[in-house]
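We use all heavy atoms of the structure for the numbers below, so side chains are in, but hydrogens, waters and symmetry mates are not. Residue numbers begin at 1 in each chain, while the letters A, B, ... track the order of the sequences.
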Amino acid sequence: MRAMDQQAAAATESPEDLRIQFAFEEFFETERERLFRALLLVTHDWPEAEDLMQEAFVRVWERWDRVGTLDDPVGYLFKTALNLHRSALRRAVVATRRSLRPPREHDPFERVIDRDEAVRSLAALTPRQRGAVVVTELLGYSTEEAGVILGIRPGTVRMLISQARAALQEWKEREDV
Amino acid sequence: MSDLKALLERADRAVSDVPLPSDGLEGLQRRRDRKRRNQRIAAGVVGIAVFVAAVWIVTTVGSLDRSETPAVSGSAETGPAVSNCVVTRCTETGPVPPTPPPAGIIAPPTTGYLIDLNTGENSRLPKSIAGYGYAVSPDGTMVAYTSGDDAGTPQVFIASLYGTDVQQVTHDQRGAWVSDWSPDGAAIAYTSLDGDVTNIFVLDLATGETSQVTNEKPTTEACLGCAPLGAYGPRFSPDGASIVYDLFRTATSVDVRIVPVTGGKSVLLVRGAAGGTLSPDGSTLAVVCGGPFVGGQLCIAHADGTNLRVLVSGSGYGPKWSPDGTRISYINLEYNPDGGIFVVDVATGETTFVAEGIAADWLDDHTLIIEDIGP
C-alpha cells in the first residue's frame with residue numbers, strides 16, 4: 001500500500017517533495033505511539049487523545065518543510081498537541097462530542113484506569129497539572145523547555161508540578177494507598 | 001528517582017497496553033484533505049460575509065455623511081448634484097451611495113485595550129481616545145487614531161496612551177483615515193476619499209502641512225454598490241523614504257505597490273494581494289495573499305515582492321510586524337468571523353491566539369494594542 005502510494009506520488013511530485021514526505025512519514029511512525037500515550041495520560045480520554053494526536057500531526061505535516069528543519073521537531077509536535085488541548089474552543093467541541101457519544105464499556109483505556117492505580121491517581125490532577133508533569137517527568141523536558149511547550153512560564157511549570165505533588169499526596173491519603 | 005517520575009513511568013507502562021488508533025497515515029491523509037476542503041468552504045463564506053459587512057458599514061456611514069454635511073452643489077435631502085459625481089458611478093436616479101473601502105478603513109467608533117503577551121494582563125484605553133484604526137507612534141508613547149470631528153467627518157487624532165493631549169491633526173473635509181506613523185514619528189500617512197477615489201497623503205506633524213503621495217484618478221470601472229477604487233492603507237518603509245500601499249484597481253482586484261514618500265512613480269510588489277507591510281529590517285514583506293477577498297492567507301515575500309510563500313494558511317488579515325521583526329500579528333476571521341487577533345512566529349510558523357479583536361498594533365515586542373470588536 002505504502003509502496004503504491006509512493007509510486008503514485010513519485011509521478012507528480014519532485015524528488016525534494018518526496019524526500020520531505022518520506023521524512024514526515026518516518027517522523028509519524030516514530031513519534032505517534034509516544035505522543036498518543038502521553039496524550040492519554042494528559043486527557044484521560046481515548047477518543048480525545050486520538051483526535052488530538054491526529055490534529056497535531058496534520059498541523060505539523062502542513063508545516064513540515066519548516067518544522068522538519070527545527071532542532072526539536074518532537075517538542076514542536078508536543079507543543080502543538082498540548083496547545084490544541086488547551087484551546088477553549090476545542091474543549092467546548094470535545095465536551096459536546098462527549099455528551100453525544102454512547103457509553104464506553106468497550107473503551108480499552110477505561111479498563112486500564114480501573115486496573116491501574118497509577119493511572120487512576122493521575123485523575124486527581126487538573127489537566128494543566130497533568131500536562132506539566134507528563135512533559136517534565138515522563139518526556140524528560142526541563143521546566144524551561146516545558147514552559148515553551150506548554151506556552152507558560154517556567155515558574156508556572158514548577159508551580160503546577162508542586163501542586164501536582166500535593167494533590168497526589170492528598171489522593172494517596174484519601175484512598176489510603 | 002522522584003515519586004512523581006516513578007508514578008508516571010508506571011502509568012505510562014500501563015497505558016502501553018492500550019491499543020493505538022488503527023488509522024495510520026491514511027487516516028491523517030483523510031483528515032488533512034477534509035480540513036483543506038472545509039477551509040476552502042469557510043474561506044469563501046467568510047469572504048462573502050466580510051464583503052457584505054463592509055458594504056453595509058460604509059453605506060451606513062456614507063448616508064450619515066450626506067445628512068450631516070450639506071452637499072456642495074445639492075441639498076441635504078437630495079445629496080450632491082449629479083454633476084459632482086464621478087460619471088461612471090452615477091445612475092439615472094442619482095449618485096451611487098459612497099461605497100466601501102476595504103474593511104478596517106471605515107468602521108464605527110470603538111475602543112481598545114493594551115494586552116501584555118507575556119502575562120496576559122490587559123488595560124483599557126481611556127475613553128477620551130475612543131476611535132478606531134489605532135496606530136502606535138515609533139517611541140510607543142503616542143497613539144494616532146480615527147474619530148469623527150464636530151461635524152462627524154472622520155479625522156486623524158493623536159493623543160498620549162494615557163488619553164491626555166488629545167489633538168485633531170487633520171481637518172480634511174473629504175475625511176481622513178489614519179494608517180501609519182513615519183519611523184521618525186514626525187509624520188502620519190493617511191487615506192482620504194475624494195469623490196469616488198481614494199488617495200494617500202502624508203501629514204507633517206510639526207508644520208501641519210499635507211502632501212499628496214498617490215494621484216489615483218476615478219476610473220471607468222463601474223461598480224454599483226462596491227468600494228471606491230484607489231490607494232489605501234499606507235505603511236511607511238523602515239527608512240521612511242517610501243510607502244507601501246494597496247491599489248484597488250477594480251472591485252475585486254487589488255495589488256500591493258510601493259511609492260516614494262514624495263510621490264511619483266509607483267512599483268508593483270505583489271499582484272492580487274493587500275495589506276503589504278515591510279519588516280523592521282526592510283528585508284521581508286508581509287501581505288494578505290491568495291485572494292484577499294476570499295480566504296486571505298498571510299504570506300511573506302522578499303522586500304521586492306518575489307519569493308512569495310504562505311506563512312499562515314486560512315485567514316490572516318491586517319498583518320503588523322513586531323518591533324523586533326520576529327513575529328506578526330494578524331486577524332483570523334476563521335477563528336471568529338467578528339475578529340480574532342493571533343500572533344505568528346515568522347521563523348517557525350507557530351501561531352498563538354491573543355484576544356478577540358478587530359485590529360491590532362504593536363506597542364513594544366510584548367504588548368499589543370487591540371481594537372475591540374464593535375457592538
Side-chain angles (χ1 to χ4, degrees), chain A residues 1-2 5 24-25 28-29 32-34 36-38 40-41 46-47 49-51 53-55 57-59 61-63 65-67 70 76 79-80 83 87-89 107-109 111-113 115-122 130 133-134 136-140 151 153 161 164-165 168-169 172, chain B residues 1-36 38-39 117-120 297 300 309-314 332 334-336 340 342-356:
Chain A
M1 174 71 182
R2 183 167 155 170
D5 288 347
F24 175 78
E25 286 184 21
F28 174 74
E29 293 301 338
R32 73 188 275 235
E33 182 172 357
R34 195 159 76 120
F36 183 66
R37 279 159 56 172
L40 269 181
L41 294 178
W46 197 94
E50 180 194 20
D51 194 41
M53 179 183 74
Q54 281 208 341
E55 183 61 28
F57 270 118
V58 166
R59 292 195 182 194
W61 196 0
E62 288 170 342
R63 300 169 174 83
D65 55 337
R66 280 195 306 272
V67 178
L70 295 178
Y76 184 91
K79 181 179 179 177
T80 305
N83 271 343
S87 155
L89 183 66
D107 185 332
F109 185 60
R111 290 201 295 273
V112 171
I113 290 178
R115 195 184 63 218
D116 195 273
E117 175 204 317
V119 178
R120 208 162 53 247
S121 69
L122 291 177
R130 283 203 295 268
V133 297
V134 165
T136 54
E137 302 290 334
L138 185 64
L139 301 177
R153 291 177 165 206
I161 294 170
R165 284 184 203 284
L168 285 171
Q169 187 58 39
K172 277 183 183 173
Chain B
M1 182 185 296
S2 73
D3 285 353
L4 196 53
K5 189 174 178 65
L7 178 82
L8 279 157
E9 287 181 352
R10 262 182 57 201
D12 189 42
R13 276 195 300 277
V15 297
S16 66
D17 290 346
V18 179
L20 272 173
S22 54
D23 263 0
L25 206 58
E26 294 81 12
L28 221 56
Q29 176 93 47
R30 280 197 302 275
R31 189 180 182 115
R32 189 182 68 165
D33 293 345
R34 199 167 58 234
K35 193 173 167 187
R36 283 180 176 172
N38 290 345
Q39 279 175 344
L117 300 184
N118 291 342
T119 65
Q297 298 170 320
I300 52 175
R309 65 260 190 213
V310 175
L311 180 61
V312 178
S313 56
N332 183 337
E334 280 184 1
Y335 176 82
N336 180 349
F342 280 68
V343 167
V344 58
D345 184 304
V346 178
T348 66
E350 175 69 9
T351 62
T352 309
F353 171 69
V354 175
E356 308 286 344

**Prompt:** R66(A) and L311(B): which non-hydrogen atoms are nearest, and at how many Å?
**Reply:** NH2-O, 3.8 Å
Please classify the contact between [X] and chain B as side chain, backbone, both or neither, with a heavy-atom cut-off of under 4.5 Å.
{"X": "R32(A)", "result": "both"}
{"X": "R63(A)", "result": "side chain"}
{"X": "S121(A)", "result": "side chain"}

**Prompt:** Any sub-3.5 Å donor-acceptor pair from R130(A)'s side-chain atoms to L122(A)'s backbone N or O?
**Reply:** yes
**Request:** Can you sort out the partners of F353(B) under side-chain contact (heavy atoms from CB on, under 4.5 Å), two or more places apart, ordered by chain and number?
**Result:** Y335(B), F342(B), E356(B)
**Request:** Mind ranking S16(B), A347(B), G27(B), S313(B) by heavy-atom pairs under 4.5 Å with chain A and telling me who comes out on top?
**Result:** S16(B)
**Asked** Sequence neighbours excluded, which residues qualify as ring pair (Phe, Tyr, Trp, His ring centres under 6.0 Å) partners of F57(A)?
**Response**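 Ring pair (Phe, Tyr, Trp, His ring centres under 6.0 Å) list for F57(A), sorted by chain: F28(A).
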